[in-house]
Structure formats: C-alpha cells, structure tokens
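Reviewing the structure listed below.
These figures come from a predicted structure and were not determined experimentally. Counting starts at 1 for both ligands and their atoms, following the listed order.
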Amino acid sequence: MRKIKTYTDSASLTGAAVDEFIRLAQNAISMGGRFNVALSGGTTPKELYGLLANRDYQTELDWFSIHLFWGDERCVPPEHKDSNYHMVDEVLLSHIIIPDANVHRMLGEIDPNEAAAKYIRQLENHFQHTGASMPVFDLVLLGMGVDGHTASLFPGDRSLNETHQWVLAVEHNQPPQPLVTRLTLTLPLLNAARNVIFLVSGESKADTVKRILVEGERLPAGLVEPRGGCLVWMLDEAAGNGLN
Ligand code: 6PG
C-alpha cells in the first residue's frame, strides 16, 4: 500500500515526519517491546533527526527501547564529515540518552566487504528471535537523490539485482555524491519492512518524483515497495510539484 503526502514546506514535512516516527515507535514498543528503525543519510532526513533531539519529544520517545540502524553508510571513519553516522551523532545522538547497545553503526572505517559481513551478522543477532526469515524493520527512513537513488542503491548498479544478501559494499563513481565506496541495505531487506517512509523535499527532486510516482519509471527509489508493509512518500510542495 502506497500513500503520498504533500506538505507546504520542508518544515511542515519534517514536523509531520516526527509525529509519524513517534506514533510508529510507540506502537512498536507497546506491541513488541522495541522499535527497530533504519536511518537514512541526506539533508531532509537530517532535519527529522534534529527535531527528534528536541527536548519536547523526550517524554514521548523511550530511547532505551529504540534501536537505530543505518540504511547506508559511506566507507569513511565515523568522525568523517561524509559519514551518515557522524551526521546522526551530531544532530541527534549527542543530544539524547540512548544506550550504546541500541546504536548499530555500520563500520565505515574497515574493509567494506568485511563491514558488510559484520553488519549482516549484527542484523542476524539482533533479529534472531523474531522467527522471521529476515530482519523486519518497524520503520525504514529513506531519502532520494535527483538521480532516483535511495540508500546507496544507484541507477544501473548491480546491487539492484541482489536477491539474497542483506548488505552490500558498492562503488559509487558519479559526482556530485562523494566519490567513495559505500555500504547499503539491499532491496530484499528494505522491502521486508513494516513501514517505509521517503522524506523528499526541494524543487530539484520534482521531476524524479514524477518519473517514479506518476510515470512508474523503475529508478531505485521506485523499486522500494514493501511486500507486506506500508509505503509513504512524504513530500514538500516543491518536490511534489509534478504530481498535480
Ligand atoms: C546518502 C543517503 C542518500 C540520501 C539521498 C538524498 O548516504 O547519501 O543515504 O540516499 O538520502 O542522497 O539526500 P538529500 O536529502 O540530501 O538530497
């Protein structure tokens, strides 16, 4: 099931995304005792994390029952400016009290293939008692690039054809994105999630949003269709301009 929600501007988009995050977290924790969420890099998701750090929400979020994973990571040290972990640490983790054991960082500083294997084992360990054949995130947050990439799944890349591995190391060589090796969750794992939310804002994304949501172009972000879960595209008016 896919929903498209459009908001006046990125601030109201982010505010609505916080409410949805809190709702899903509270539901998951009351149903199963914990909330497993995969975070995205990107400027729009970053605004959400910054708002989540706001003191006003601390009474509504039980961080001791929330487990943070990453949907992708650049293969750089955690303190590097291009690290998605570094971004989340700066705007969220350094402002909240969350157990270290609840923060499941991808190890961008080690050999990429070894880091992918380690993350798969970390996922296996964390989700092993769920009885499901693969990890089922309560929520996957995603951004989308102008080229239609999401996480670190880029157009034309072999990673889009992966049907078994949950995490891959990928080479990305298309500026303006930083030219680094990356780690990414794959489509089988993203599509196993209970809820996937795309956070997309800005006029630069409008054409790509239209190509995916109106014309059905099979760009990477358009391949995220959770099998049994809910898919919500949360857009500001600028990014959703081509949908009218
Ligand atoms: C990354 C992100 C990537 C991001 C998009 C959108 O590591 O680069 O995970 O998938 O979400 O590039 O980023 P913006 O919202 O900044 O355009």
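With ligand atoms numbered from 1 in the order given, ligand 1 contributes 14 (P), 15 (O), 16 (O) to contacts under 4.0 Å with heavy atoms of Thr43. Listed by number with element, the atoms of ligand 1 under 4.0 Å from a non-hydrogen atom of Thr44 are 15 (O). Per-residue contacts place Ser40 under 4.0 angstrom from the following atoms of ligand 1 (heavy atoms of the residue considered): 9 (O), 11 (O). Interface of Gly42 with ligand 1, defined as ligand atoms under 4.0 Å from a residue heavy atom, comprises 13 (O), 14 (P), 15 (O), 16 (O). Of all atoms in ligand 1, listed by their number and element, those nearer than 4.0 Å to a heavy atom of Arg182 are 1 (C), 7 (O), 8 (O). Those atoms of ligand 1 that come under 4.0 Å of a heavy atom in Gly143, given as number and element, are 11 (O).
Counting non-hydrogen atoms of neighbouring residues, nucleotides and ligands closer than 6.0 angstrom, the CG atom of Asp56 exceeds 12 such neighbours.
For the residue pair Trp166 / Glu124, no side-chain donor-acceptor distance below 3.5 Å is found, with atom types taken as modelled. Residues Thr6 and Glu237 have side chains that never bring a donor and an acceptor to within less than 3.5 angstrom of each other. Judged by distance alone, the side chains of Asn84 and Asp72 do bring a donor and an acceptor atom under 3.5 Å apart. There is no side-chain donor-acceptor pair under 3.5 Å between Glu162 and Thr186. Side-chain atoms of His86 and Glu79 include no donor-acceptor pair closer than 3.5 Å.
For a threshold of 3.5 Å applied to N or O pairs, the pair formed by Ala151 and ligand 1 contains at least one separation below that value. The shortest N/O to N/O separation between Leu142 and ligand 1 does not fall below 3.5 Å. For Thr150, no nitrogen or oxygen atom sits less than 3.5 Å from a nitrogen or oxygen atom of ligand 1, counting backbone and side chain alike.
Of all the heavy atoms of Asp72, the ones lying under 4.0 Å from any atom of ligand 1 belong exclusively to the side chain. When non-hydrogen atoms are compared, ligand 1 lies under 4.0 Å from the side chain of Asn84 (C-beta onward) but not from its backbone. Counting heavy atoms closer than 4.0 Å to ligand 1, residue Ser201 contributes nothing at all.
Ring-plane geometry between Phe69 and Tyr119 is classed as perpendicular, the angle between the planes exceeding 60 degrees on a 0 to 90 degree scale with a lower cut at 30.
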Output, in order, the C-alpha distance, side-chain angles, deciding distance and verdict of salt bridge (Lys or Arg N to Asp or Glu O under 4.0 Å) for Arg23 and Glu60.
CA-CA 9 Å; Arg23 182 183 73 82; Glu60 299 183 73; over 6 Å; no
Walk me through it: do Phe127 and Phe137 pass the test ring pair (Phe, Tyr, Trp, His ring centres under 6.0 Å)?
CA-CA 9 Å; Phe127 287 92; Phe137 285 102; 5.3 Å; yes
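At least one heavy atom of Arg74 sits closer than 4.0 Å to an atom of ligand 1.
For atom 3 (C) of ligand 1, the candidate residues are His149, Met144, Lys205; the nearest heavy-atom contact is made by His149.
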